[in-house]
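Here is the structure we will look at.
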Amino acid sequence: MLARAATFLQSIDPSLLNLIVLPTEKCNFRCTYCYEDFAKGKMPPKIVLGLKNLLKNRAPTLRRLHLSWFGGEPLLADDVVLEISEYAKDLSIEYGFELFGSITTNGWYLESLLMNSLLEASITNFQISLDGPKRHHDSSRITINNSGTYDRIFSNLRAARDSRGEYEIILRLHVTGENFDDLENWIEEEIKTYFGSDDRFKIFLKLVGRLGGANNDKIKILDDRSRLDNFKRLKSKYERKESGPPTEKICYASRGNSYVIRADGRLAKCTVKLNDPGNDVGFLSETGELIVETEKMRHWMRGLADPDGRTMACPAFAH
């Protein structure tokens, strides 16, 4: 009971702010399992201004800001990412709050010069996806022109490894019914060979699911019981566990102090159900106000009162 009360209080604490920002919803990839529609373009100047005003308004009372970049492919709008991140960094220095910057990127544009600029702007956590060995990856993580992406991403990752920057790169290794049987050998022969001795690189194994999109029914998910058991073994083998006591799992969408700011200034709670009307919870004004629909917000936060915690862990798909 005490743990749940602490979780609830932290999730609504106004001095803790989690913003997931989509500087563009366009992407240069067309991953075969992607659920996004790429309809919205680059964040316009008035929304950039609104976001900067939001940060300026909140800065005096903040203890911690997590500024997380998502898309689309956020580095298609790297100027927006850098402008707002540098502004947030200046505010954190002026007002003394903790700033944590992260980005989910496909890795295509993450060459050394840009990565150094991101690090300077306090973006130090990167999540980059790989779909297994090259032959699997290049059939599913393809460019808009239908070409493979493995070699360029891997080259950028190796360049990052050879740098002296302080960062964390989470290698999100997607697992499907097609690539699973080749996965362990690939991890041993390539991932561990190139990145295994560098503590800045972490492995995260993630099952690909059917989340919508044009190819949803064609996605070959891993659903065989014996292979799923083996998947759990691989997670235990390769994922580095954090030390300390276990904590209750709470999705960012369940938190009252977490918002997704879309490229057009609309507010959401979840980055998966982007086109769900219930996920359109308000908008960001040019003056930096978050104008929210209270009842929709309550729906996303309902899991904080769920005794078994399942809704709190994933309010988007809980019943």
Side-chain angles (χ1 to χ4, degrees), residues 24 26-34 36 68-78 81 101-120 123-208 215 219-220 222 231 234-235 237-240:
T24 179
K26 300 293 187 181
C27 188
N28 58 318
F29 280 21
R30 287 298 180 269
C31 302
T32 56
Y33 46 77
C34 188
E36 296 193 38
S68 178
W69 297 97
F70 196 71
E73 169 46 47
L75 293 182
L76 277 172
D78 61 338
V81 173
S102 64
I103 188 167
T104 299
T105 170
N106 60 36
W108 183 263
Y109 297 109
L110 200 62
E111 296 176 329
S112 296
L113 186 61
L114 178 54
M115 183 162 183
N116 288 337
S117 296
L118 295 170
L119 293 176
E120 283 290 322
I123 300 173
T124 57
N125 180 275
F126 301 79
Q127 183 170 190
I128 299 171
S129 296
L130 295 167
D131 285 6
K134 177 178 167 63
R135 69 185 183 90
H136 291 293
H137 179 103
D138 281 349
S139 67
S140 57
R141 290 190 74 77
I142 53 178
T143 69
I144 198 169
N145 296 319
N146 204 36
S147 60
T149 62
Y150 188 89
D151 290 340
R152 177 160 170 167
I153 296 170
F154 219 81
S155 175
N156 287 341
L157 289 171
R158 288 164 65 183
R161 177 205 61 189
D162 294 339
S163 75
R164 295 183 179 180
E166 294 185 12
Y167 59 78
E168 178 181 74
I169 290 181
I170 299 170
L171 299 174
R172 178 181 169 119
L173 310 184
H174 285 152
V175 181
T176 69
E178 292 179 299
N179 71 13
F180 183 72
D181 292 336
D182 298 322
L183 202 65
E184 187 166 14
N185 285 340
W186 170 66
I187 293 174
E188 290 290 338
E189 294 172 4
E190 292 201 48
I191 300 301
K192 287 188 68 177
T193 296
Y194 289 106
F195 310 111
S197 61
D198 192 327
D199 289 339
R200 297 173 298 181
F201 288 81
K202 307 290 191 303
I203 289 175
F204 172 50
L205 292 166
K206 178 64 176 177
L207 292 172
V208 169
N215 300 315
I219 298 171
K220 294 184 179 179
L222 189 72
F231 167 74
L234 295 183
K235 283 183 74 71
K237 180 177 180 180
Y238 292 116
E239 292 185 3
R240 299 176 185 173

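None of the values given here were measured: they were computed from a predicted structure.
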Side-chain donor/acceptor pairs under 3.5 Å, residues 111-118, sequence neighbours excluded:
residue, atom, partner, partner atom, Å
Asn116, ND2, Ser112, O, 3.3
Ser117, OG, Leu113, O, 3.3

Check your understanding: Taking only residues two or more places apart in sequence or in another chain, which ones pass salt bridge (charged side-chain N to carboxylate O under 4.0 Å, His left out) with Lys192?
Key -> Glu188

Exercise for review: Kindly state each residue pair satisfying salt bridge (charged side-chain N to carboxylate O under 4.0 Å, His left out) with at least one member in residues 129-145, sequence neighbours excluded.
Suggested key: Lys134-Asp138, Lys134-Asp151, Arg135-Asp182

Exercise for review: For Glu184, look at atom CD and say whether over 12 heavy atoms of other residues, nucleotides or ligands are found less than 6.0 Å away.
Suggested key: yes

Review point. More than 12 non-hydrogen atoms from neighbouring residues, nucleotides or ligands closer than 6.0 Å to NZ on Lys220, yes or no?
Key: no

Check your understanding: Who are the side chain to side chain contact (heavy atoms under 4.5 Å, CB included) partners of Arg161, not counting sequence neighbours?
Key -> Arg158, Tyr194, Phe195, Asp198, Phe201

Practice item. Check whether any side-chain heavy atom of Phe180 lies under 4.5 Å from a side-chain heavy atom of Leu207, and answer yes or no. Key: no

Practice item. Determine, step by step, whether Asn179 and Trp186 satisfy the side chain to side chain contact (heavy atoms under 4.5 Å, CB included) criterion, reporting the C-alpha distance in whole Å, the side-chain angles of both residues, the deciding distance to 0.1 Å, and the verdict. Key: CA-CA 10 Å; Asn179 71 13; Trp186 170 66; over 6 Å; no

**Study point:** Sub-4.5 Å side-chain heavy-atom contact between His137 and Thr149
**Key:** yes

Review point. Just checking, is any N or O donor in the side chain of Ser102 or Ser68 under 3.5 Å from an acceptor N or O on the other one?
Key: yes

Review point. Who pairs with Glu73 by salt bridge (charged side-chain N to carboxylate O under 4.0 Å, His left out), at least two apart in sequence or on another chain?
Key: none

Check your understanding: Under 3.5 Å, side chain of Lys235 to main-chain N/O of Leu205, donor-acceptor pair present?
Key -> yes

**Study point:** Contacts of type side-chain hydrogen bond (donor to acceptor under 3.5 Å, both in side chains), residue Asn28, not counting sequence neighbours
**Key:** Asn106

Point to revise | Any donor-acceptor N/O pair, Arg200 side chain to Tyr167 backbone, under 3.5 Å | key: no

